[in-house]
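Take a look at the structure below.
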Amino acid sequence: PRVLAESGRRMHMLDVARIEAVEADRNYVRLTVGRDTFHARSTLQQAEKTLQSQPMLRISRSCLVNMNHVREVSRTPRGDFILVLAGGVTVTSSEGFRDPVRQHLERLKVQAG
């Protein structure tokens with residue numbers, strides 16, 4: 001699947017599997033692909049439905065992350081999660097989403113036999 005988004009005055013067709021993060025930005029969503037940013041007129045909820053083929057995790061009220069692109073995870077002193085994406089962009093979970101993010105990450109750990 002692909003989505004149409006704009007950067008500057010140009011429209012781009014983006015492969016949804018390449019989208020690393022989606023952030024709410026007033027009446028738009030900001031789509032991060034590597035170091036590039038695109039905008040689409042949408043709500044975060046609509047974007048979440050459009051990208052349901054990808055393992056998207058909501059890490060705050062205004063941010064979704066494609067877990068296929070998370071390269072590194074660390075914690076803030078308060079306990080929030082800092083996720084470094086494949087393109088180098090860093091996003092941080094919010095307090096209200098700390099538990100769901102932790103639970104999701106726990107499921108990804110390799111279990112000792």
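Predicted model, so just to flag it, every value in this text is computed and none were measured. We number each residue from 1, following the sequence as shown.
A salt bridge between Arg18 and Asp15 is absent, with no side-chain N of the basic residue lying under 4.0 Å from a carboxylate O of the acidic one. Between Arg75 and Asp80, none of the side-chain N atoms (NZ, or NE/NH1/NH2) sits under 4.0 Å from a carboxylate O, so this pair counts as no salt bridge.
Judged by the 6.0 Å distance and 45° axis criteria, Arg61 is not positioned over the aromatic ring of Phe97.
Hydrophobic clustering places Leu108 together with Val73 (ILVMFWY residues linked when any side-chain heavy atoms are closer than 4.5 Å, directly or through intermediates). Cluster annotation: Leu85 is not connected to Ile19 through the hydrophobic network of ILVMFWY side chains, with a link wherever side-chain heavy atoms come within less than 4.5 Å. Leu83 and Leu64 are members of different hydrophobic clusters when ILVMFWY side chains are connected at heavy-atom separations under 4.5 Å. Note: the hydrophobic cluster containing Leu51 also contains Leu44 (ILVMFWY, side chain heavy atoms under 4.5 Å, direct or indirect links).
Between Gly34 and Val89, the shortest heavy-atom distance links the atoms O-CG2, 3.8 Å. Closest non-hydrogen pair, Leu31 versus Leu14, comes out as CD1-CD1, 3.9 Å.
Residue Gln46 qualifies as enclosed at atom CD: its count of foreign heavy atoms under 6.0 Å is above 12.
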- Please assess Phe81 against Arg98 for the test side chain to side chain contact (heavy atoms under 4.5 Å, CB included), listing each intermediate value before the final yes or no. CA-CA 7 Å; Phe81 291 91; Arg98 194 180 293 155; 4.1 Å; yes
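In this structure, the side chains of Val65 and Val91 come closer than 4.5 Å at one or more pairs of heavy atoms.
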